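In this text, all values refer to a predicted model and were calculated from it rather than measured experimentally.
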Amino acid sequence: MPTIPAYYEELNNMRGHRIPAGDTCYTSETYYYFWRGLYSRLKSRFKWVVPDTWDQEIFEFSLYSLGFVGVFDTNKYATDPSKKFGVIPAPATLSGIGVQMQPTKIRTANPYFTMPYSEDIYEGAGLIKLTGDYKGILDIVDFYAERLAIIWSSIDQSAINSRFAYIISANSTAAAATLKAIFDARNSGKPLIVFDKEKLKKKDAPSKTAALEDEEPFEVLNLEVGRNYITDKLLADHRRIMSCFDAEIGIPNNPVEKAERLISNEIESNSAETVARSEEWKEVLDRSIKKTKEVFPDLELSVEFRSYDTGQTGAKEAGYQAGMKGGSEDAE
């Protein structure tokens, strides 16, 4: 996992409800390689403007992991001037039940300052929210990182298997050594290989019957690697999984299955699909940022979605429709 603090309750919730159950890849370096890569890909989708006093990396990870982040004026709670840090974001706990069953209170715990009471949401403190159900979105990263790790473990196994085309049995130790020397010389690229064929015929034990005298000095088992080679199919599956992940987080992409015969309407349809989920994130973020800035009018905070000009009809336009242009100030 990343070196920044992980919220284990959220991670356990994601992994504890897997079907089928198990921990087949979470301890592998391949899984963490893909997890970090997909998290960076997700993170690049958002373009934030935050105050210089905020740690943007921690703020973003908290938001994507938990689904919401509180915004507090620490100066209100500090009696010691050294404990005044101004308006900062912090992971928080929600409580209370409003008339529409929404949480009404927010509080945080921090070793650097003491918050003696819960604040009213959007009155005494702000709340930056990413999703309507107050949940994070790192389950998307976790879901696809697991599948990519499994795909690549299969690719590694397929590549290893493709190196073994033959299994050879020999009649004697001398014959086995001779065959090994022949293959080593062949693999080293030597243009001419000379060997003593009598060593191949010689046996460790004499034959019991004359009929065995004419038997072949060795036998070959052909594993037909070409028939079992699936690396190309697994690589295609990798691209499909990455395409699905991009569609989940709002990065325009083309369906690889039909790359050679796509028409403009199909590209536009796929581009619209990629922004369906991220558009909701943008709307929820805009509303919560607007309400938080009503509590802290001087707060410089906004978010945009990056546009991705793929050079294909409709991809860029569909992205802009999701609010890629303009900041949170445009929200109503």
Side-chain angles (χ1 to χ4, degrees), residues 15 18-20 22-45 138-168 179-180 182-190 219-277 308-316 318-319:
R15 297 174 182 176
R18 293 175 61 251
I19 300 176
D23 191 18
T24 57
C25 67
Y26 291 134
T27 57
S28 70
E29 288 296 327
T30 305
Y31 166 77
Y32 289 116
Y33 169 81
F34 282 115
W35 200 102
R36 294 177 66 247
L38 294 180
Y39 175 72
S40 296
R41 202 176 182 92
L42 169 67
K43 188 172 177 292
S44 71
R45 187 76 174 93
L138 293 190
D139 57 334
I140 303 174
V141 175
D142 201 70
F143 181 88
Y144 285 98
E146 177 189 359
R147 279 142 187 83
L148 289 173
I150 293 173
I151 285 290
W152 272 92
S153 66
S154 301
I155 289 175
D156 291 342
Q157 188 64 52
S158 176
I160 291 172
N161 289 343
S162 68
R163 299 178 60 188
F164 300 97
Y166 304 100
I167 295 177
I168 302 176
L179 288 171
K180 290 179 182 178
I182 291 172
F183 275 88
D184 287 342
R186 175 183 176 274
N187 290 335
S188 66
K190 289 186 177 181
E219 295 180 1
V220 179
L221 174 62
N222 186 352
L223 299 181
E224 298 185 68
V225 172
R227 178 181 296 180
N228 299 321
Y229 182 82
I230 60 172
T231 302
D232 53 343
K233 297 179 181 179
L234 292 170
L235 289 172
D237 289 340
H238 167 82
R239 290 191 293 271
R240 293 187 185 98
I241 292 174
M242 288 299 300
S243 179
C244 290
F245 176 79
D246 287 345
E248 289 262 26
I249 65 174
I251 296 179
N253 60 83
N254 293 337
V256 296
E257 292 87 351
K258 299 186 64 180
E260 296 181 359
R261 55 186 184 278
L262 281 175
I263 61 176
S264 297
N265 288 341
E266 290 173 320
I267 296 175
E268 291 173 358
S269 176
N270 175 258
S271 299
E273 179 184 354
T274 62
V275 300
R277 191 170 189 177
Y308 298 87
D309 188 357
T310 63
Q312 300 291 344
T313 304
K316 187 173 182 179

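Shown here are the side-chain contact (heavy atoms from CB on, under 4.5 Å) partners of Lys190, two or more places apart in sequence or in another chain: Ala185, Ser188. With sequence neighbours excluded, the residues forming a salt bridge (charged side-chain N to carboxylate O under 4.0 Å, His left out) with Lys43 are Glu57, Glu60, listed by chain and number. Checked against side-chain contact (heavy atoms from CB on, under 4.5 Å), Tyr144 has the following partners two or more places apart in sequence or in another chain: Leu38, Ile140, Ile241, Cys244, Phe245, Glu248.
Taking all atoms of both residues into account, the shortest heavy-atom contact from Ile249 to Arg41 is CD1-O, 3.9 Å. A pairwise comparison of heavy atoms in His238 and Leu148 identifies ND1-CD2, 3.3 Å as the closest pair.
Atom-to-atom distance recorded for Lys233:NZ and Ile155:CD1 is 13.5 Å, nearest 0.5 angstrom. One finds the CD1 atom of Ile251 at 5.0 Å from the OG atom of Ser44 (value rounded to the nearest 0.5 Å). The structure places CD1 of Ile150 at 4.5 Å from CD of Glu146, a figure rounded to the nearest 0.5 Å.
Here the options are Leu234, Thr30, Asp156, the test is side-chain contact (heavy atoms from CB on, under 4.5 Å), and the partner is Ile151; only Leu234 passes.
Using a 4.5 Å heavy-atom cutoff, the side chains of Tyr31 and Asp142 are in contact. The closest side-chain heavy-atom distance from Trp152 to Phe34 is below 4.5 Å.
Under the 6.0 Å distance and 45° angle rule, Arg147 counts as a cation-pi partner of Phe143.
Remark: side-chain polar atoms of Ser40 are paired, donor with acceptor, to backbone N or O of Arg36 under 3.5 angstrom.
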